[in-house]
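Structure first, commentary second.
The figures here come from the full heavy-atom set of this structure, side chains too, leaving out hydrogens, waters and symmetry mates.
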There are 2 protein chains.
Amino acid sequence: MLSGSAPVSADKRRQVLRAIEELGYRPNAAAQALVTGRRSIVSVLTADTTRYGYAETIRGIEEAARAVGLVVAITVLDTDAEESIEAAVDLALGQPLAGAIVLEFDIRGSRALTILPKSLPVSAVSSGSEGRRVPRALFDDRSGGRDATNYLLGLGHRTVHHVAVPGSGRPSGRTLGWREALEAAGAPVPEPLMSDWTARSGYQAGVSLARRRDVTAVLCGNDEIAFGVIKGLQAEGLRVPEDVSVVGFDDHPLAEMWTPSLTTMGQDFAELGRMAVGFLLGRLGGGAYRAPSSSLKLVVRGSTAPPHP
Amino acid sequence: MLSGSAPVSADKRRQVLRAIEELGYRPNAAAQALVTGRRSIVSVLTADTTRYGYAETIRGIEEAARAVGLVVAITVLDTDAEESIEAAVDLALGQPLAGAIVLEFDIRGSRALTILPKSLPVSAVSSGSEGRRVPRALFDDRSGGRDATNYLLGLGHRTVHHVAVPGSGRPSGRTLGWREALEAAGAPVPEPLMSDWTARSGYQAGVSLARRRDVTAVLCGNDEIAFGVIKGLQAEGLRVPEDVSVVGFDDHPLAEMWTPSLTTMGQDFAELGRMAVGFLLGRLGGGAYRAPSSSLKLVVRGSTAPPHP
DNA sequence: CTGAAAGCGCTTACAG
DNA sequence: CTGAAAGCGCTTACAG
């Protein structure tokens, strides 16, 4: 009766429903799942939950999942070690899952993706499309890196320096795009500075960039790094954008509040998360699905200018 | 045998385990949950997942939960409306839950807490301890607000203005603490400016504070607001801290990178999240449990100074 | 020591 | 139209 399949007199139905209400009865979820085979948990596997891109993606996933009655379970991949990733995947698989979504922004996500069982519906939000064939909501940070670099070259900068985020084993798409743009323009390709994802490491990079005389433009792997780079440049007495132009990546909510406000390659992460849920529901077979192009665009603000003559 | 209860010959055991490995067999989680009654999902109910305090708290919850083999399910309370909160709670309760943790930082969390069934183990991370009696990891933002205000008064400011975050129906603890400190010192109590949680609304507040001649010190309800307030003051030609001192709340990772770096009342949200998991496991009866005092402390940086003579 | 049976709490097809 | 039975995939206590 509770499932609405058996017809009952309106009277009786009302009585039962009231009893349910009063006693606070809830059907046993485990029993329901067992008998119907319906699973309502989507597991999200991710290396991080708090940084802007990750957190926004998760927000989009949760929003889309909740809209169709699914609950989002989060399991953090807290080291790169194979066994810790296996343990996290095992923990996630211990639930009755409708499917899993992997945030493939880093090496941990890539690894988790390879060990998830083939039998489980899986999709990913990803900045690359190598390895196992699953539906991926791709954000094309390669063309983003290319466009951002071309924008700086177009302002008249002779070349563009780069502070890179860690890739998933190989250079990130934005780093590849940056290099491509420089090569296509015949501009010198400086060695990229490696960074983690934090403003603090960006600060270090900013300080060392400031000590070179030839730096007039810097593309940063994300906005937090860009914030730090700007601060590091300023600490060394350089002005942004008069002496050095800085571009970030992601369009962090504080980008417009920075001093100077940050020019950045914006990305709609929540939209990517919603797409990944759609893939799971649509049971698409595999391959990569480009995010709508609207989701990646350069937001020009105050941190960029033509080079000082 | 799988549960390890029945003794089997080592040989047979190995064979079976290999078969399990090869076939990728996984016990049906729903069936296990049904028969053992063991639940391994902790549901987190929260108005937000991306802002600093919320995201850090969730990170702590996930970390502590994973350490004991529990999975964290997240359900966002996306409006204040009673029916949308009920729908979110219903969705969460549709899973076989070990318990639920409510982030009681706002009106939505408070409401969710009141409608969760009495039969479910529940704990909360909270900045207040009214309403239903559940174990709460309390962060004492009231004393934090008091201490921050006293710090500014101690620098010699005649009074301290305040930009408030939304409370859960009533003023937040930090707002109450601010008022108490002013009253105790016999200082004038200016009308607080209301804000949401964003830097953008802080900016508006900063601009309007700059237009008054009497403002020399501002306590902000969180760091994002403080970032915006600083930017707004600067936009109106005032210098921080020379003309106006600004204090934030939370110790956001970018606080040290701001210009000037932000003095703020730091809070270890992840620790509060871990505590809430502990409460769930320990099945504490109710009431409020103060977070270790180490978790709340003033971090003095560059945004505060004695008033201009 | 091992295998067969009971039972967890539901849903659904089926007999009455 | 209604009630009783079968069965989802496990675990555990129990008979052999």
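Salt bridge present: A:Arg66 and B:Asp78 bring a charged side-chain N and a carboxylate O closer than 4.0 Å. Using a cutoff of 4.0 Å between basic side-chain nitrogens and carboxylate oxygens, B:Glu56 and B:Arg59 are scored as salt-bridged. Comment: B:Glu224 does not engage B:Arg51 in a salt bridge, judged by the lack of any side-chain N to carboxylate O separation of less than 4.0 angstrom.
Of the candidates C:dC10, D:dT11, D:dG9, the closest approach to any side-chain atom of A:Ala31 belongs to C:dC10. When distances are taken from the side chain of A:Leu34 to each of D:dC10, C:dG9, C:dT11, the shortest belongs to C:dG9. Nearest to the side-chain atoms of A:Asn28 among the listed nucleotides D:dT11, D:dG9, C:dC10 stands C:dC10.
No side-chain donor from either of B:Ser43 and B:Gln95 sits under 3.5 Å from a side-chain acceptor of the other.
Searching all strands for a Watson-Crick or G-U wobble partner of D:dA4 with both distances below 3.5 Å returns nothing. The partner of C:dA13 cannot be assigned: no Watson-Crick or G-U wobble pair with both contacts below 3.5 Å exists in any strand.
In terms of position on DNA chain C, the residue among A:Ala29 and B:Val35 whose nearest nucleotide sits closer to the 5' end is B:Val35.
In this model, the phosphate group of D:dC10 is not approached by any side-chain N or O of B:Arg26 to a distance below 4.0 Å at OP1 or OP2. Phosphate proximity of C:dT11 to A:Gln32: present, with a side-chain N or O under 4.0 Å from OP1 or OP2. The side chain of B:Tyr25 contributes no N or O atom lying less than 4.0 Å from OP1 or OP2 of D:dG9.
Atom C1' of nucleotide C:dC10 and atom CZ of A:Arg38 are separated by 12 Å, given to the nearest angstrom.
Of the C1' atoms belonging to C:dA13 and D:dC10, the separation is 23 Å, rounded to the nearest Å.
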